[in-house]
Amino acid sequence: MATFVACGSGLSSDARRRLETSVAALNGVYTPHLTDQTTHLVAESVAPRSRKLACARRLGLPVVTPSWFHDSAVRGAMLPIAEGLLPALAGVVLCISGVAFERREREVVETAVEAAGGRFSRVLDATCTHL
């Protein structure tokens, strides 16, 4: 009997197949669909924001990284959920623009973004997800 149901969001085919293997090793079930049976959403990034991510957040489901499931499978048991939670800004590349921002303010923003799992860019380019 399955002890949990994991759903993926924004994963490549290879990442999804690897996740399915780890979930099965832990006696769980993987599904591509977020349903009322889903207990965990698995994602590598919050950008771009997906419908599944928004729904999981509304429902209070834990959003975890694939590596948490892989590490748990290696251990043979679920690691503490706090170790696997997806950082709030995972996958976000933020750039600020404008003369109104002093150097110190930019440094504060950079530190905060990186502490939340995102990346700060001093240059607005195609890698930026947020301005």
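- Side-chain contact annotation: Thr127 with Asp125, donor-acceptor N/O pair under 3.5 Å present.
- Distance check, rounded to the nearest 0.5 Å: OH of Tyr30 to SG of Cys7 gives 6.0 Å.
- Using a 4.5 Å heavy-atom threshold, the side chains of Ile81 and Val64 count as touching.
- Hydrophobic cluster membership differs between Phe101 and Leu131, with clusters built from Ile, Leu, Val, Met, Phe, Trp and Tyr side chains linked at under 4.5 angstrom.
- Among all heavy-atom pairs drawn from Thr38 and Leu61, the shortest one is O-CD2, 3.4 Å.
- Contact of the Val109 side chain with the Arg104 side chain is not registered, since no non-hydrogen atoms from C-beta on lie closer than 4.5 Å.
- With Ser50 contributing its side chain and Leu53 its backbone, the two residues share a donor-acceptor pair below 3.5 Å.
- The closest side-chain heavy-atom distance from His33 to Lys52 is not below 4.5 Å.
- A pairwise comparison of heavy atoms in Leu11 and Ala43 identifies CD2-CA, 4.3 Å as the closest pair.
- When hydrophobic clusters are built by joining Ile, Leu, Val, Met, Phe, Trp and Tyr residues whose side-chain heavy atoms come closer than 4.5 Å, directly or via intermediates, Leu34 is not grouped with Val29.
- For Phe69 and Phe4, the distance between ring centers is under 6.0 angstrom.
- Leu19 and Leu85 fall within the same hydrophobic cluster, defined by Ile, Leu, Val, Met, Phe, Trp and Tyr side-chain heavy atoms under 4.5 Å apart, directly or through other members.
- Atom CD1 of Ile96 and atom CZ of Phe120 lie 4.5 Å apart (nearest 0.5 Å).
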Subject >> side-chain contact (heavy atoms from CB on, under 4.5 Å) evaluation trace for Val63 with Arg57 >> reply: CA-CA 8 Å; Val63 180; Arg57 298 264 195 230; 3.9 Å; yes
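- Dense packing is recorded around CZ of Arg16, with more than 12 heavy atoms of other residues, nucleotides or ligands lying under 6.0 Å away.
- The CG atom of Leu86 sits 7.5 Å away from the OG atom of Ser45 when rounded to the nearest 0.5 Å.
- Here the shortest heavy-atom pairing between Leu41 and Ala56 reads CD2-CB, 3.7 Å.
- Classification of Glu102 and Arg106 as a salt-bridged pair fails, no side-chain N sitting under 4.0 Å from a carboxylate O.
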Original post:
Yes or no on side-chain contact (heavy atoms from CB on, under 4.5 Å) for Glu83 and Met78, after CA distance, side-chain angles and deciding distance?
Top reply: CA-CA 10 Å; Glu83 293 179 23; Met78 300 289 258; over 6 Å; no
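- Annotation for Val92 and His130: closest pair CG1-ND1, 3.5 Å, computed over non-hydrogen atoms.
- Atom CZ of Arg122 is separated from atom SG of Cys95 by 10.0 Å, given to the nearest 0.5 angstrom.
- Cys128 places none of its side-chain heavy atoms less than 4.5 Å from the side chain of Leu94.
- Here the NE2-CZ distance, from His70 to Arg18, works out to 4.0 Å after rounding to the nearest 0.5 Å.
- Pairing each heavy atom of Ala25 with each of Ala73, the nearest pair is CB-CB, 4.1 Å.
- Between Pro66 and Glu44, the closest side-chain pair of non-hydrogen atoms falls below 4.5 Å.
- For the pair Ala77 and Leu26, the tightest heavy-atom approach, listed with the atom from each and the gap, is N-CD2, 3.8 Å.
- Thr129 contributes a side-chain N or O that, together with a main-chain N or O of Val93, makes up a donor-acceptor pair within less than 3.5 Å.
- Contact check on Glu20 versus Arg17 returns no salt bridge, with no Lys/Arg side-chain nitrogen under 4.0 Å from an Asp/Glu carboxylate oxygen.
- Of the possible polar contacts, none joining the Trp68 side chain to the Val42 backbone as a donor-acceptor pair under 3.5 Å is found.
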